[in-house]
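Down below is the structure, laid out as structure tokens.
Below, chains carry the letters A, B, ... as their sequence lines are ordered, and counting in each starts from 1. Values in this document were obtained by computation on a predicted structure and should not be read as measured data. Just so it is clear, the values below take in all heavy atoms, side chains as well, and ignore hydrogens, waters and symmetry mates.
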Amino acid sequence: MAADTSALESTAPGVGAVVPEKPTLDGLEEKWVARWAEGDTYAFDRAGALSAPRSETYAIDTPPPTASGSLHVGHVFSYTHTDIVARYQRMRGKHVFYPMGWDDNGLPTERRVQNFYGVRCDPSLPYDSSFEPPEEPGKDQLPISRRNFVELCERLTAVDEAEFEKLWRRVGLSVDWSGVYRTVSETSRATAQRMFLHNLARGEAYAQEAPTLWDVTFRTAVAQAELEDRERPGAYHRIGFAGPEGPVFIETTRPELLPACVALVAHPDDERYQPLFGQTVRTPLFDVEVPVVAHRLAEPDKGSGIAMICTFGDLNDVTWWRELQLPTRAVIGWDGRFVADPPDGVPADVYAELAGKTSFSAQARIVELLRESGDLVGDPAPITHPVKFFEKGERPLEIVTTRQWYIRNGGRDADLRDALVARGREIQWVPEHMRHRYENWVEGLNGDWLVSRQRFFGVPFPVWYRLDAEGEPVFDEPLLAPESALPVDPSSDVPDGFTGDQRGVPGGFIADPDVMDTWATSSLSPQVASGWDTDPELFAHVFPMDQRPQAHDIIRTWLFSTVVRSHFEHGTVPWSHATISGFVVDPDRKKMSKSKGNATTPLDVLERYGTDAVRWRAAGARPGADSPFDEAQMKVGRRLAIKLLNVGKFVLGLGASAALTADAVTEPIDRGLLASLATVVDEATAAMDAYNYTRALEVTEAFFWSFCDDYVELVKTRAYASDEGARSAQAALALALSVQLRLLAPVLPFVTEEVWSWWQGGSVHRALWPTATELPTGGDRAVPAVAAETLAIVRKAKSEAKQSMRADVASATVTAPEVQVALVEAARRDLTAAGRIESLTVVAGDGPLTVDVVLAEAPDA
RNA sequence: GGGCGCGUAGCUCAGCGGUAGAGCGCUCGCCUUACAAGCGAGUGGUCGGGGGUUCGAACCCCUCCGCGCCCA
């Protein structure tokens, strides 16, 4: 701990503090985290904000971290980037609306709860109010009711969230912790359901029975945005179909889908197959008659150039099926296995061999059968090809026809697509080139946004269906929850006009069984955080927000879906700026992630180098740029923080204080130093306004080191005196310290606050960002620059003579261009003291400034 | 295959039309009363290759090579 805390009784930061004997970084985090919490230093002043113009509020749409996940250094970096901006805007006098959220909704939480407690959700079970999970997860997962499962999710995420908050406070995030939201909260659920109902009412959401990409492990539909291609081994099987004039050979990687074959397809220009178009062929083994059709998506140079269309092997099949209006012969069920009964028109005897099998074993069996029948030509030819996976899944996706909810996103509507691209152009992207990621994605969409998921933990659709006399649901007339009742859980709540005992009985009703995609909730983070559903006055003030910070990997998901929702509901972009941070990568330039095993635990690094050092390193990563994790860099940040403590102690130990003002600065070199600082302030401010915190820090830091190594060394002796010159130095040092502490405060919140507290009232983080106008004008920056240059040459002479910097100089003769002579003379007093120069002569001459240094005889040499 | 970004000192990166820069590293010095968790000095690059524009190119244009990310 810092040595001086006993003197601090007041809750106001800084009041009554003194400069410690031996300043240290140790313990600053604990001290100031507690002090900021007590003093509500980062509280959002709602009333003050609402009574001021919108331009005086700065609202941030913070990414809610996945509460069940774990944080690594990459997270610390990107959240620090945002915090630097937040702190800057606060110091500019803005009301900073900077809430934190937790994403405790969705699959990661569901999976973590299953593993942590050893349970699984079985929606058919009744709620058990006395249920307690086992101490240790058992070998087999314990089936529990949906409501019990959800309760465990909430219990576990609350623990995780408390840990996260502790870490974020230690990182120094200037979040208003009274405004935390959760994506699974009542408010979030109500917001998501209300927005969905609005989308539905305006025709922006709809349900449709359609072929859907399906993860057989999670047994849920997945959206285009959640897909990824993975290279997987496969094999082309050459199979003969019986054509009108002999066999037609196709090559397929999925022979097991033969019973699902509905046509063969070739490119319309392919002369080899033109004679067959309009004719029919018969499938081997099953002997089903299928047409030969032409379509531009068939690739002549792939395989034999003619392919079988199955319902459904891949997305091309879906396109062909839709555009060519082919029949459906689905064989794969929700569990990824071949369904029990063959499709219409497919003989049951052969199909019976496949029923109940997975794709893998069905393929093996089909290949055997084809060999026996002689329809398989040669051996399968191994290939590697891209296969679609759910990004969180481990088995290839199947395509299953199901009824799903969609929200329009321009994937099937050029006008909407253009409108959403135009929204993207309203956003200021930082860095600018990230805009292309957005436009590429929007322009490449091939379907609407599938938002329903067949999971248990999530926001349910506020929808029921009437059951007809036969007990079949009437999907065309969904029963919607009234907005006043939101949030609802349709599996326990009852639609208007019905009673609970009518659930599931003919003439009664059933609930829509699905929950929303996690992005369907996350895409409403601006609305949830800003009180769309709970505090319309606040929402009207802070929305559209100023900044959406996030990483570039979720532009297609989080960013895009947020734009879609805002476009529909509010007819505006959700924020004016999207700031995109890069990744922290390991030394091999691989993205740091827990699953790759190369993630560095943040707490360990924070403890070893101190928060300010880690934040300093984070600030060195420009917006959008990946940056390698290198501990050696942390030491540099730590050194900067220590330097601040020491120079602060020096300046304040001289008797410099906040009472000294610019008027006292009379010496040319002092005025020059402050003139130079004024340009630094201007540059840093311009850089911060452009979200270029890296540049702002660079400019400030360069000045700071030269301030310490040159200016302070030059004026030190004078500052120790007690004449007018001393007061000039002391005032300049005090002013420069004050300005520099404030310039560095967003990056180094702890050490700057510590030094600030030694001599100023209030928090540095509530102080105003410096402006050039608080510094005296008219100083000549060349005076300190030339003095430093001269001193450097004297130092070099001492260094080359292997002498101490304290070695005396008998005489130094400066030969300088005419215009510089007066500058050197203006710094004469400081130069002779700092260089320990007995006799300093300055003459005009040609060429650059030189110094002829004659060292005094060393006393005991 | 398409899009985007990047290739500058051993490492991390600035510079983006006018004489190659910083920090780290390394080498050599220095106990200097703010700081030895420090200070001073030095070392180090045909700015990925090739063409072009220009009085002048790391910077602009073309092309090639390599790396990364996103999308097919």
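Checked against B:rG38, B:rC4, B:rG40, the side chain of A:Lys643 finds its nearest nucleotide in B:rG38. The side chain of A:Pro628 approaches B:rU12 more closely than any other nucleotide in the set B:rU12, B:rC70, B:rA34. Of the candidate nucleotides B:rA34, B:rG40, B:rA72, B:rA34 has the atom nearest to the side chain of A:Cys708. Among B:rA34, B:rU32, B:rA41, the nucleotide with an atom closest to any side-chain atom of A:Arg806 is B:rU32. If you check B:rA34, B:rG23, B:rG3 against the side chain of A:Arg437, the one that comes closest is B:rG3. When distances are taken from the side chain of A:Asn440 to each of B:rC24, B:rG3, B:rC71, the shortest belongs to B:rG3. Nearest to the side chain of A:Phe650, among B:rA72, B:rA34, B:rA41, sits B:rA34. With B:rU32, B:rA37, B:rC69 as the choices, the nucleotide that has an atom nearest any side-chain atom of A:Met805 turns out to be B:rU32. Candidate nucleotides B:rA72, B:rA37, B:rU12 were compared by shortest atom distance to the side chain of A:Arg638, and B:rA37 ranks first. Of the candidates B:rC13, B:rA34, B:rC24, B:rC24 carries the atom nearest the A:Arg639 side chain, counting heavy atoms from C-beta on.
On the P atoms, B:rG44 is 40 Å away from B:rC4, given to the nearest whole Å. With both ends at atom C1', the span from B:rU19 to B:rC55 equals 15 Å, rounded to whole Å. On the C1' atoms, B:rG49 is 15 Å away from B:rC67, given to the nearest whole Å. Taking atom C1' in both B:rC69 and B:rG29, one finds a spacing of 47 Å when rounded to whole Å. Using P as the reference atom, B:rA20 and B:rG56 are 16 Å apart when rounded to the nearest Å. B:rC59 and B:rU8 are spaced 13 Å apart, taking the P atom of each and rounding to whole Å. Nucleotides B:rG5 and B:rA58, compared at atom P, are 22 Å apart to the nearest Å. If you take atom P in B:rU43 and the same atom in B:rC6, they sit 32 Å apart, rounded to whole Å.
Counting any heavy atom pair closer than 4.0 Å across all strands shown, A:Val636 reaches sugar-phosphate atoms only and no base atom. Using a 4.0 Å heavy-atom distance criterion, A:Trp616 is classed as making no nucleic acid contact. Backbone-only engagement by A:Asp709 is indicated by non-hydrogen atom pairs under 4.0 Å involving sugar-phosphate atoms exclusively. If you check every strand for non-hydrogen atoms under 4.0 Å, A:Glu228 touches nothing.
Close to B:rG42, at under 4.0 Å from its OP1 or OP2, lies a side-chain N or O of A:Lys796. OP1 or OP2 of B:rC13 has not a single side-chain nitrogen or oxygen of A:Arg622 nearer than 4.0 Å. A sub-4.0 Å separation between OP1 or OP2 of B:rC28 and a side-chain N or O of A:Gln803 is absent. At B:rA34, one or more side-chain N or O atoms of A:Lys716 fall inside 4.0 Å of OP1 or OP2 (strictly under the cut-off).
Residues meeting the salt bridge (Lys or Arg N to Asp or Glu O under 4.0 Å) test with A:Asp689, sequence neighbours left out: A:Arg92.
Residues A:Leu791 and A:Leu831 meet the side-chain proximity criterion, which asks for heavy atoms closer than 4.5 Å. Using a 4.5 Å heavy-atom threshold, the side chains of A:Arg548 and A:Leu559 count as touching. Counting heavy atoms from C-beta outward, A:Lys798 and A:Arg806 have side chains that stay 4.5 Å or more apart.
The closest side-chain donor-acceptor pair between A:Glu323 and A:His295 falls under 3.5 angstrom. Side-chain atoms of A:Asp710 and A:Trp705 include no donor-acceptor pair closer than 3.5 Å. Between the side chains of A:Trp32 and A:Glu754, at least one donor N or O sits under 3.5 Å from an acceptor N or O. Of the N and O atoms on the side chains of A:Arg615 and A:Thr611, not one donor lies less than 3.5 Å from an acceptor on the other residue.
Nucleotide B:rA34 forms no Watson-Crick or G-U wobble pair with any nucleotide shown, as no partner meets the under 3.5 Å limit on both distances. Look at B:rU54: it lacks any Watson-Crick or wobble partner with both distances under 3.5 angstrom. Of all nucleotides present, only B:rC28 satisfies the Watson-Crick or G-U wobble test against B:rG40, with each distance under 3.5 Å. Across all strands shown, B:rG17 has no partner, as no Watson-Crick or G-U wobble contact with both distances under 3.5 Å is found. Pairing of B:rC11, defined by two Watson-Crick or G-U wobble distances under 3.5 Å, is identified with B:rG23. Using N1 to N3 plus N6-O4 or O6-N4 for Watson-Crick, or N1-O2 and O6-N3 for G-U wobble, each under 3.5 Å, B:rC47 pairs with nothing. Summarising the base pairing, B:rC69 is matched to B:rG3 through a Watson-Crick or G-U wobble pair whose two defining distances lie under 3.5 Å.
Of the candidates A:Glu631, A:Gln633, A:Lys635, A:Arg617, A:Glu631 is the only one forming a side chain to side chain donor-acceptor pair (under 3.5 Å) with A:Tyr609.
When each of A:Ser804 and A:Val647 is assigned the nucleotide of RNA chain B bearing its nearest heavy atom, the one mapping closer to the 5' terminus is A:Ser804. Positionally, the nearest nucleotide of RNA chain B for A:Phe707 lies more toward the 5' end than for the other of A:Phe707 and A:Leu227.
A donor-acceptor contact under 3.5 Å is not formed by the side chain of A:Glu631 with the base of B:rC11.
For A:Arg556 and B:rC70, the CZ to P distance is 8 Å, given to the nearest whole Å. The separation between A:Lys649 atom NZ and B:rU33 atom P is 12 Å, rounded to whole Å.
Interface residues of residues 681-704 of chain A facing RNA chain B, ordered by number: A:Glu698; criterion, heavy-atom separation under 4.0 Å.
The two residues A:Val387 and A:Pro396 come nearest to each other via the heavy atoms CG1-CB, 3.7 Å.
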